[in-house]
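Right, one structure below, let's go through it.
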Amino acid sequence: MKIATFNVNGVRSRLDHLLSWLEREAPDIACLQELKSTDAAFPVGAINEAGYGALWAGQSSWNGVAILAKGVDPVESRRGLPGNPKDTQSRYLEAAAHGVIVGCLYLPNGNPQPGPKFDYKLDWFERFLRHAATLMKSGHPVVLAGDYNVVPTDEDIYDPKGWRRDALLQPESREAYARLLAQGWTDALREMHPDERIYTFWDYFRQHWPRDRGLRIDHLLLSKDLAARLKDANVDRWVRDLPKASDHAPTWVELTSPKARKVAKRG
DNA sequence: ATGGCAAGTGTAACTTGA
């Protein structure tokens, strides 16, 4: 089973790319971020025609997350993080599909820092940490997939010095991510590729994509039982190479089938 | 320290992203 996350940077302007990617890679579950679309304008018809059920939490102009599931309708388990009813930004959606619970997140960017946007990022992160701990304790098979807007280590960026003041590399951001992993989550890409430089985002400036100057900020975190089923993880770089591409590439994990439960033999 | 590019809103020029 393949589970993917893709920051589309506008689901309507990227619809052709999204459909091409779904057709070619056929993920069983796909988490989308940065829809930049209202709920009413979300292209559910085209996604259904592509063979996917969908849940979405849109918002005018910015943010927005969606969960797609191949051949089934994902069953919503949560819309928005607990802990702050005043937060109206569409950044978290959670559902059950194909035997797993998937949390789709778009963690705030936080620039410029310091400032209110960075404060919001850290506050959102704390609420996410609390909810992630609850999910971990539940014992369910869970994947937390999305755009975390955190470069976990200096091995996850082409030039840490050039970005040292950026919100994505701040000690507070990295420490929060480390605390998340300390709950017992497995960073699937890093687990599969412990010594490789792997990027999921290349900004639009200074020809960073052709020069492969990227950042690893889109992550899939697996609960313990799912980590035991981890078979492969990687980045669909070809999508980033399309004309008018999103600045992120789809990132995915492949899991083996859950171990068949032993059935008592008759007789 | 700043800007480079892109998308949305809305139709000029801003806000935001990372």
Seminar exercise, completed: Per-nucleotide protein contact along nucleotides 9-17 of chain B, 5' to 3', at a 4.0 Å heavy-atom cut-off (B base, S sugar-phosphate only, - neither), is S------SS
N/O donor-acceptor pairs under 3.5 Å from side chains in residues 138-145 of chain A, not counting sequence neighbours:
| unit_1 | atom_1 | unit_2 | atom_2 | d |
| --- | --- | --- | --- | --- |
| S138(A) | OG | L135(A) | O | 2.6 |
| S138(A) | OG | H140(A) | N | 3.2 |
| S138(A) | OG | H140(A) | ND1 | 3.1 |

Exercise. Do H131(A) and Y92(A) have ring centroids that are under 6.0 Å from one another?
Worked result: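 Yes.
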Could you tell me how far [M] sits from [N] if I compare only their [atom1] atoms? Round to whole Å.
N       : M       : atom1 : answer
dC14(B) : dG4(B)  : P     : 14 Å
dT16(B) : dG10(B) : P     : 15 Å
dG3(B)  : dT15(B) : P     : 14 Å
dA12(B) : dA7(B)  : C1'   : 16 Å
dA13(B) : dT2(B)  : P     : 23 Å

Rounded distance in Å - [atom1] ([X]) to [atom2] ([N]):
X       : N      : atom1 : atom2 : answer
Q113(A) : dA1(B) : CD    : C1'   : 14 Å
Q207(A) : dG3(B) : CD    : C1'   : 15 Å
L32(A)  : dA7(B) : CG    : C1'   : 16 Å
R240(A) : dC5(B) : CZ    : P     : 14 Å
L35(A)  : dG8(B) : CG    : P     : 11 Å
Q33(A)  : dA7(B) : CD    : C1'   : 16 Å

Exercise. Starting at the 5' end of DNA chain B and moving along, which residue's nearest nucleotide shows up first, L215(A) or R206(A)?
Worked result: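 Looking at the nearest nucleotide for each, R206(A) comes out on the 5' side.
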For this session: Give a yes/no answer on whether the side chain of R165(A) brings an N or O atom under 4.0 Å of OP1 or OP2 in dA1(B).
Result: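 R165(A) to dA1(B) OP1/OP2: side-chain N or O found under 4.0 Å.
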Exercise. Which pairs, with at least one residue in residues 236-251 of chain A and sequence neighbours excluded, count as a salt bridge (Lys or Arg N to Asp or Glu O under 4.0 Å)?
Worked result: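 Pairs touching residues 236-251 of chain A that pass the test: D212(A)-R237(A).
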Problem set entry | Connected-component partners of L122(A) among ILVMFWY, side-chain separation under 4.5 Å |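 Once heavy-atom contacts under 4.5 Å are chained together, L122(A) belongs with F118(A).
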For this session: Could you please spell out the steps behind the ring-ring contact (aromatic ring centres under 6.0 Å, His included) verdict for F6(A) and H17(A)?
Result: CA-CA 11 Å; F6(A) 182 19; H17(A) 289 195; 8.2 Å; no
For this session: If a pair satisfies side chain to side chain donor-acceptor pair (under 3.5 Å) and one of its residues is in residues 36-58 of chain A, list it, with sequence neighbours excluded.
Result: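 Applying side chain to side chain donor-acceptor pair (under 3.5 Å) to every pair that reaches into residues 36-58 of chain A, excluding sequence neighbours, yields N9(A)-K36(A).
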For this session: List for me each residue that meets salt bridge (Lys or Arg N to Asp or Glu O under 4.0 Å) alongside D156(A), sequence neighbours excluded, and say none if there are none.
Result: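 Per chain and number, D156(A) pairs via salt bridge (Lys or Arg N to Asp or Glu O under 4.0 Å) with R190(A), R216(A).
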